[in-house]
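Below is one structure, written out as structure tokens; the observations come after it.
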Amino acid sequence: MGFEGKVVVVTGASSGIGEALCRKLLQQGAKVVMAARNISKMQQIASDYEDAEVMIIEADVSKKSDCEKIIHEAVGSFGEIDVLINNAGISMRAIFEDLDISVIEQLMAVNYWGTVYCTHYALPYLLKSKGSVVGVSSIAGFQGLPARTGYSSSKFAMHGFLNTLRVETLKQDLHVMIACPGFTASNIRNTALTADGKPQGDTPLEEGKLMTADDVANRILSGIARRKRSVIMTLQGKLVVFLGKFFPAMVDKMVYNHMKKEKDSPLK
Ligand code: NAI
């Protein structure tokens, strides 16, 4: 599928992977619906594409009514939806023992419920267009990631939801794809919530050494064009998923040891 003339809704469009997706789609002539909370950041991005057909919607995907608004306004302006990319997401870093439970509630609200709400409102249009619904997930949706209970649960839940939707619509030609980037340079670790729900405001990783949002966006768009079921973007991710099926205890240890090496790791 080429994206020219296609109506594509991207949540979390103001930064990182969402921004990179929108830029690529606008360059390719798609009609892009950008949704996020930071309207001025989205306006700034869209202003780089003068003749593009682009819509900017201020929305918090943890609110059902905002997700309804995204889809309602998208269809009101462009008449249809070909692709919905559920990309908006937040992360966290703290062990469960120390964690204020509201952190998990917030992660589920954005990462899981945001995906469910947007997909719910977009589904009639996606079924009509035989389009694609995408969840931008993570290897944390396949393997429990220590100090990320809320993040992992939200991504596991997202997988359960999208995998079930794929089976339910098997005879209706809906394309459902789960995309799992590796660690990617973005704002996600700065906004990640700590034990008391405050943003971390820093990154424990060397962002310059991570995947770029541009690379991730290319892989997601290529996966949509080829109607792939899932896109796991790194060898490390592929190994974790594959080995986790046969040697789960070994993978638990590997993951623990890896995450323990992180700067200021909260693991004991
Ligand atoms: P980012 O922090 O740069 O971008 C996240 C986007 O989601 C921003 O536009 C932000 O404003 C938006 N967002 C957050 N809460 C929202 C809400 N309540 N309503 C509407 N929009 C909201 O982070 P990044 O890395 O671009 O994240 C995009 C997706 O990629 C997330 O779902 C994340 O879980 C996933 N991912 C990121 C990885 C990474 O290492 N950066 C690795 C694997 C997956």
Side-chain angles (χ1 to χ4, degrees), residues 9-24 33-46 56-70 85-93 103 105-118 134-143 145 148 150-159 162 178-193 199-217 219-220 230-234 236-237 240-241 259 262:
V9 178
V10 181
T11 66
S14 65
S15 163
I17 296 167
E19 173 179 348
L21 281 165
C22 291
R23 287 189 181 278
K24 290 192 181 299
V33 179
M34 302 176 70
R37 292 158 307 170
N38 188 336
I39 203 150
S40 63
K41 184 73 207 301
M42 290 189 286
Q43 279 165 343
Q44 210 179 314
I45 296 163
I56 292 166
I57 303 175
E58 185 177 9
D60 176 342
V61 297
S62 67
K63 296 184 181 149
K64 190 156 61 168
S65 55
D66 280 15
C67 297
E68 186 175 16
K69 180 178 76 173
I70 298 171
I85 307 182
N86 291 294
N87 165 75
I90 51 170
S91 188
M92 59 166 287
R93 192 161 84 127
V103 171
E105 288 167 347
Q106 247 179 289
L107 268 95
M108 289 302 287
V110 178
N111 301 358
Y112 174 66
W113 283 109
T115 298
V116 173
Y117 295 149
C118 289
V134 179
V136 181
S137 182
S138 162
I139 297 305
F142 286 102
Q143 161 68 38
L145 210 58
R148 313 283 192 284
Y151 189 69
S152 264
S153 356
S154 69
K155 298 298 190 185
F156 267 81
M158 207 170 153
H159 288 199
L162 290 172
I178 292 173
C180 299
F183 289 113
T184 305
S186 78
N187 207 29
I188 196 129
R189 280 159 290 275
N190 285 310
T191 55
L193 306 180
Q200 183 166 242
D202 191 12
T203 172
L205 302 183
E206 285 186 59
E207 296 283 323
K209 292 192 174 162
L210 308 181
M211 287 186 82
T212 63
D214 225 48
D215 184 15
V216 172
R219 289 165 192 255
I220 291 174
S230 62
V231 184
I232 298 175
M233 302 188 196
T234 59
Q236 193 185 34
V240 167
V241 173
M259 298 305 283
E262 241 185 25

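Each ligand, and each atom within it, is numbered from 1 in the order the structure gives.
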Tell me the protein heavy atom at minimum distance from [atom], and give that distance in Å.
{"atom": "atom 19 (N) of ligand 1", "value": "Val61 N, 2.9 Å"}
{"atom": "atom 4 (O) of ligand 1", "value": "Ser15 OG, 3.7 Å"}
{"atom": "atom 2 (O) of ligand 1", "value": "Ile188 N, 3.4 Å"}
{"atom": "atom 40 (O) of ligand 1", "value": "Thr184 N, 2.8 Å"}
{"atom": "atom 14 (C) of ligand 1", "value": "Arg37 NH2, 3.2 Å"}
{"atom": "atom 25 (O) of ligand 1", "value": "Ser186 OG, 2.6 Å"}
{"atom": "atom 44 (C) of ligand 1", "value": "Ser137 O, 2.9 Å"}
{"atom": "atom 32 (O) of ligand 1", "value": "Asn87 O, 2.8 Å"}

Any idea which part of Asn187 is under 4.0 Å from ligand 1, heavy-atom wise: side chain, backbone, both or neither?
->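 Within the 4.0 Å criterion, Asn187 contacts ligand 1 through backbone and side-chain atoms alike.
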
Hey, is Glu19 touching ligand 1 through its side chain, its backbone, both or neither, going by heavy atoms under 4.0 Å?
->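 Under 4.0 Å from ligand 1, Glu19 contributes no heavy atoms.
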
Quick one: does [X] get an N or O within less than 3.5 Å of an N or O on ligand 1?
{"X": "Ser138", "answer": "no"}
{"X": "Gly12", "answer": "yes"}
{"X": "Ile17", "answer": "yes"}
{"X": "Ser62", "answer": "no"}

Give, for atom [atom1] of [X] and atom [atom2] of [Y], the distance between the pair rounded to the nearest 0.5 Å.
{"X": "Thr203", "Y": "Arg93", "atom1": "OG1", "atom2": "CZ", "answer": "8.5 Å"}
{"X": "Thr11", "Y": "Ile70", "atom1": "OG1", "atom2": "CD1", "answer": "6.5 Å"}
{"X": "Ile178", "Y": "Ser230", "atom1": "CD1", "atom2": "OG", "answer": "7.0 Å"}
{"X": "Ile90", "Y": "Leu193", "atom1": "CD1", "atom2": "CG", "answer": "4.5 Å"}
{"X": "Gln200", "Y": "Asn190", "atom1": "CD", "atom2": "CG", "answer": "7.5 Å"}

Suppose I only count heavy atoms of [X] and a 4.0 Å limit; which atoms of ligand 1 are within that range?
{"X": "Pro181", "result": "43 (C), 44 (C)"}
{"X": "Ala59", "result": "19 (N), 20 (C)"}
{"X": "Ser14", "result": "8 (C), 9 (O), 11 (O)"}
{"X": "Val136", "result": "29 (C), 30 (O), 32 (O), 35 (C)"}
{"X": "Phe183", "result": "40 (O)"}
{"X": "Tyr151", "result": "33 (C), 34 (O), 35 (C), 36 (N), 43 (C), 44 (C)"}
{"X": "Gly16", "result": "3 (O), 26 (O)"}
{"X": "Gly182", "result": "40 (O), 42 (C)"}

Compare every heavy atom of [Y] with every heavy atom of [X], then report the nearest pair and how far apart it is.
{"X": "Ala13", "Y": "Ile45", "result": "O-CD1, 3.6 Å"}
{"X": "Val61", "Y": "Ala88", "result": "CG2-CB, 3.9 Å"}
{"X": "Ser137", "Y": "Met158", "result": "N-CE, 4.3 Å"}
{"X": "Ile56", "Y": "Ala46", "result": "CD1-CB, 3.9 Å"}
{"X": "Gly12", "Y": "Asn87", "result": "O-ND2, 3.1 Å"}

Measuring from non-hydrogen atoms of [X] to any atom of ligand 1, is the shortest distance under 4.0 Å?
{"X": "Lys41", "result": "no"}
{"X": "Cys180", "result": "no"}
{"X": "Lys155", "result": "yes"}
{"X": "Asp60", "result": "yes"}

Partner of Asp214 under salt bridge (charged side-chain N to carboxylate O under 4.0 Å, His left out), chosen from Arg219, Arg23, Lys24 |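 Looking at Arg219, Arg23, Lys24, the match for Asp214 under the salt bridge (charged side-chain N to carboxylate O under 4.0 Å, His left out) is Lys24.
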
Using distance alone, with no hydrogens and no angle criterion, decide if Ser14 and Asn38 have a side-chain donor and acceptor under 3.5 Å apart.
->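 Judged by distance alone, the side chains do not pair up.
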
Is the closest side-chain heavy-atom distance between Val216 and Val136 below 4.5 Å?
->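 No, too far: nothing below the 4.5 Å cut-off.
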
Should the pair Glu68-Lys64 be classified as a salt bridge under the 4.0 Å nitrogen-to-oxygen rule?
->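 Lys64 and Glu68: not salt-bridged.
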
When you measure from the side chain of Lys155 to the backbone N and O of Asn111, does any donor-acceptor pair fall under 3.5 Å?
->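 A pair under 3.5 Å: no.
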
